[in-house]
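Written out below as structure tokens is the structure these notes cover.
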Amino acid sequence: MINRQYIIAMAFSMFEYYIEVAFLPELKARWWITNIGLLMVLTGEAICKAAIMTAGSAFNHIIRVDHDDHHKLIIRGIYR
């Protein structure tokens with residue numbers, strides 16, 4: 001399941017985008033650049049969601065440097 005901090009961060013990033021569009025439209029004057037960036041963000045989000053769904057409970061954002069006995073290498077889905 002996606003954690004609460006991730007949802008909050010995503011909501012604030014969307015809020016920031018809409019504030020920029022409303023109050024500083026000149027930052028978004030070149031819409032094709034904005035749309036390419038948006039496409040990149042959405043692609044990254046789709047890959048991230050696929051990774052979370054494939055790994056299930058094994059997915060987290062904690063970097064591990066040691067192997068635990070209960071760890072399992074996932075080689076299906078997005079990790080193929």
Side-chain angles (χ1 to χ4, degrees):
M1 179 156 205
I2 300 172
N3 65 21
R4 185 176 179 167
Q5 291 85 2
Y6 181 79
I7 293 171
I8 291 170
M10 198 163 94
F12 271 101
S13 69
M14 291 170 53
F15 177 69
E16 176 187 13
Y17 174 80
Y18 290 118
I19 291 296
E20 285 178 0
V21 168
F23 295 107
L24 300 167
E26 63 274 5
L27 291 177
K28 307 296 182 193
R30 292 188 177 96
W31 284 101
W32 64 273
I33 294 174
T34 300
N35 290 338
I36 290 171
L38 180 60
L39 180 64
M40 291 170 64
V41 167
L42 293 175
T43 301
E45 284 295 316
I47 291 170
C48 183
K49 299 303 181 276
I52 291 171
M53 290 171 53
T54 300
S57 64
F59 186 91
N60 62 42
H61 294 283
I62 299 170
I63 298 172
R64 299 276 186 151
V65 293
D66 297 321
H67 176 74
D68 287 340
D69 290 334
H70 68 279
H71 283 179
K72 180 178 148 187
L73 180 62
I74 298 173
I75 56 172
R76 67 185 192 292
I78 193 81
Y79 296 105
R80 272 191 309 249

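Counting begins at 1 with the first residue of the sequence.
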### L24: partners by side-chain contact (heavy atoms from CB on, under 4.5 Å), with sequence neighbours left out
E26, L27
### Message
Does anything in residues 5-22 form a salt bridge (charged side-chain N to carboxylate O under 4.0 Å, His left out)? List the pairs, not counting sequence neighbours.
### Response
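Counting only pairs at least two positions apart or across chains, the salt bridge (charged side-chain N to carboxylate O under 4.0 Å, His left out) contacts touching residues 5-22 are E20-K28.
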### Task
Would you kindly confirm whether M10 and Y17 end up in one hydrophobic cluster when ILVMFWY residues are joined by side chain heavy atoms under 4.5 Å apart?
no
### Task
Keeping the roles fixed (side chain from T54, backbone from A51), state whether a donor-acceptor pair exists under 3.5 Å.
no
Please list, one pair per line, the donor and acceptor atoms closer than 3.5 Å that link side chains of residues 32-46 to other protein atoms, with sequence neighbours excluded.
from : atom 1 : to  : atom 2 : distance (Å)
N35  : ND2    : W31 : O      : 3.3
T43  : OG1    : L39 : O      : 2.8
E45  : OE1    : Y6  : OH     : 2.4
E45  : OE1    : K49 : NZ     : 2.6
E45  : OE2    : Y6  : OH     : 2.8

